[in-house]
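So the structure is just underneath, and the comments pick up after that.
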Amino acid sequence: MPSEFELIRNHFVRPTPQTILGPGDDCALIAPAPGMQLAITTDMLITGTHFLPDTDPCQLGWKTLAVNLSDLAAMGARPRWVLLAGSLPEVSEPWIAAFADGLFACARHYGVDVIGGDTTRGSLAFCLTAIGEIPAGTALRRDQALLDDDLWVSGQPGLAALGLAHLQGRTMLAEPLIKPCLAALQRPLARVELGFELRRRGLAHAAIDVSDGLLADLGHILERSAVAAELFLAQLPPLPATADPVLARQCQLAGGDDYELVFSAAPAKRAEITALADQLALPLWRCGRVVGAAPGQLTLFDDQGRVVPINDKGYDHFG
């Protein structure tokens with residue numbers, strides 16, 4: 001059976017061209033470019049909570065990295081380096097090799113170096129720290145939404161939660177819908193280019209990624225910015241035609257695991273944001289507005305303009 005250090009050397013030590021000193025010493029050595037700040041985030045993925053025990057290891061490797069890069073995307077940062085710590089209940093080299101293949105495929109896709117980490121024996125879990133660069137003082141933050149801003153969301157939130165419901169037997173998706181829903185769940189795309197361009201072009205005031213649910217994560221912007229918002233169901237992405245509409249709407253509003261971006265922007269930027277959507281081939285939906293009311297208050301309106309009660313905003317680990 002290979003040792004801990006052989007596992008790391010065999011599967012997780014790859015070239016790190018953006019790094020002064022990569023894996024193999026007590027620390028990695030990195031240096032941001034002149035005039036840049038470091039953006040740093042960390043996330044844990046626990047079996048049974050963030051992924052099912054029988055999840056394909058290659059897909060899990062991709063997702064472990066992508067969900068962390070989504071936090072960098074939300075701030076408009078360019079991903080540069082990541083560190084991975086993991087606990088494994090047993091050594092299965094084929095499983096580890098497949099996990100590493102998925103992880104490094106994602107790393108290549110987004111141009112990041114894996115510069116170190118740790119392994120130990122324990123329940124299956126991973127903790128990844130991602131580091132990005134951003135010009136000093138330009139980061140998109142949660143606390144910068146302004147009164148009368150438009151609210152936008154990217155992509156099609158809700159697909160990942162529908163995919164999970166299908167795997168758990170809570171719904172049976174029609175065949176054409178299964179593939180995109182499972183792809184959204186198992187191989188999410190961090191919206192790095194969207195966040196980067198929103199920041200670089202000065203299009204957005206505040207932003208966040210949708211990890212716990214659209215309503216829950218939008219609520220973080222409202223609380224941090226001390227503003228309120230109105231959200232309109234008719235302006236959200238259309239629900240999949242073949243899915244249970246009640247479940248599909250619940251997944252869209254509170255499902256989470258989408259890693260789309262929600263952001264606020266001045267109404268004067270609508271044309272530029274629409275042009276950016278075309279450039280990136282990524283739908284961007286203007287779905288609400290920032291209003292003057294009690295800080296953190298979120299009001300949801302249906303297709304007829306009636307207020308819709310909000311019973312579930314999203315996932316809470318300790319809720």
Side-chain angles (χ1 to χ4, degrees), residues 43 45-46 48-52 54-56 59-60 62-63 66-67 70-71 73-74 151-191 194 208-222 229-263 282-288 298-303 306-319:
D43 263 319
L45 280 81
I46 310 295
T49 300
H50 299 96
F51 59 91
L52 299 174
D54 60 352
T55 297
D56 175 82
Q59 303 279 26
L60 181 58
W62 176 284
K63 184 172 183 175
V67 302
S70 181
D71 286 330
L151 293 172
W152 297 76
V153 65
S154 67
Q156 195 167 0
L159 292 188
L162 277 173
L164 179 61
H166 178 80
L167 292 179
Q168 293 176 329
R170 292 185 286 118
T171 191
M172 292 296 293
L173 297 178
E175 188 63 36
L177 193 54
I178 294 175
K179 185 175 180 179
C181 288
L182 292 186
L185 175 68
Q186 297 172 341
R187 197 178 174 88
L189 294 173
R191 301 302 187 186
L194 173 60
I208 191 171
D209 72 323
V210 181
S211 56
D212 294 325
L214 174 59
L215 299 185
D217 290 312
L218 174 57
H220 296 316
I221 288 181
L222 303 183
E230 296 175 344
L231 197 68
F232 305 98
L233 295 181
Q235 295 174 211
L236 288 169
L239 298 177
T242 57
D244 172 8
V246 174
L247 178 62
R249 183 68 79 188
Q250 179 187 12
C251 289
Q252 183 181 69
L253 296 176
D257 228 13
D258 295 298
Y259 307 101
E260 298 293 351
L261 296 189
V262 176
F263 60 94
L282 173 64
L284 300 177
W285 308 88
R286 181 166 56 86
C287 56
L298 178 58
T299 307
L300 189 62
F301 293 92
D302 68 11
D303 297 1
R306 298 171 299 197
V307 174
V308 177
I310 298 175
N311 299 315
D312 181 12
K313 289 188 175 182
Y315 186 75
D316 181 347
H317 286 281
F318 300 101

Inset, instruction - Check step by step if side chain to side chain contact (heavy atoms under 4.5 Å, CB included) holds for Thr299 and Leu231. - result: CA-CA 6 Å; Thr299 307; Leu231 197 68; over 6 Å; no
Legend entry - Nearest-0.5 Å distance that lies between atom CG in Leu159 and atom CG in Leu164: 13.0 Å
Inset, instruction - For Gly213 and Val210, work out which heavy atoms get closest and say how close. - result: C-CG1, 3.7 Å
Inset, instruction - Please tell me if the side chains of Trp62 and Leu189 come closer than 4.5 Å, counting only heavy atoms from C-beta onward. - result: yes
Legend entry - Test item: His166 side-chain N/O and Leu173 main-chain N/O as donor-acceptor pair under 3.5 Å: yes
Inset, instruction - Keeping the roles fixed (side chain from Asp244, backbone from Val246), state whether a donor-acceptor pair exists under 3.5 Å. - result: yes
Inset, instruction - Would you mind reporting whether Arg191 and Leu282 have side-chain heavy atoms less than 4.5 Å apart? - result: yes
Legend entry - Which atom of Leu151 lies closest to which atom of Ala229, heavy atoms considered: CD1-CB, 3.6 Å
Legend entry - Approximate separation, where rounding is to 0.5 Å, of Gln252 CD and Leu233 CG: 7.5 Å
Legend entry - Side chain to side chain, Cys287 and Trp152, heavy atoms closer than 4.5 Å: no
Inset, instruction - Find the distance between OG (Ser154) and CG (Leu261) and round it off to the nearest 0.5 Å. - result: 4.5 Å
Inset, instruction - Calculate, to the nearest 0.5 Å, the distance between atoms CD and CG belonging to Gln156 and Leu162 respectively. - result: 9.0 Å
Legend entry - Nearest atoms (heavy-atom pairs only) where Ser70 meets Tyr259: OG-CB, 3.6 Å
Legend entry - Interatomic distance, Leu300 atom CG to Leu218 atom CG [nearest 0.5 angstrom]: 10.5 Å
Inset, instruction - Output yes when a side-chain donor or acceptor of Gln186 lies under 3.5 Å from a complementary backbone atom of Gln59, and no otherwise. - result: no
Inset, instruction - Give the minimum heavy-atom separation between Gly255 and Ala161, together with the two atoms involved. - result: CA-CB, 3.6 Å
Legend entry - Side chain Lys63, main chain Leu185, donor-acceptor under 3.5 Å: yes
Legend entry - Within-4.5 Å side-chain heavy-atom neighbours: Asp209 and Asp217: no
Inset, instruction - Measure from the side-chain N and O atoms of Trp285 to the backbone N and O of Gly155, and report whether any donor-acceptor pair falls under 3.5 Å. - result: yes
Inset, instruction - Would you give the length of the straight line joining atom CZ of Arg249 to atom CG of Leu236, rounded to the nearest 0.5 angstrom? - result: 6.0 Å
Inset, instruction - For Val307 and Phe301, work out which heavy atoms get closest and say how close. - result: CG2-CE2, 3.7 Å
Legend entry - Shortest non-hydrogen contact from Ala190 toward Ala66: CB-O, 3.6 Å
Legend entry - Test item: Pro157 and Pro237 side chains (from C-beta on) under 4.5 Å apart, heavy atoms: yes
Inset, instruction - Determine yes or no for a side-chain-to-main-chain donor-acceptor pair under 3.5 angstrom, with Asp302 supplying the side chain and Val308 the backbone. - result: no
Legend entry - Heavy-atom side-chain contact between Pro188 and Asp257 under 4.5 Å: no
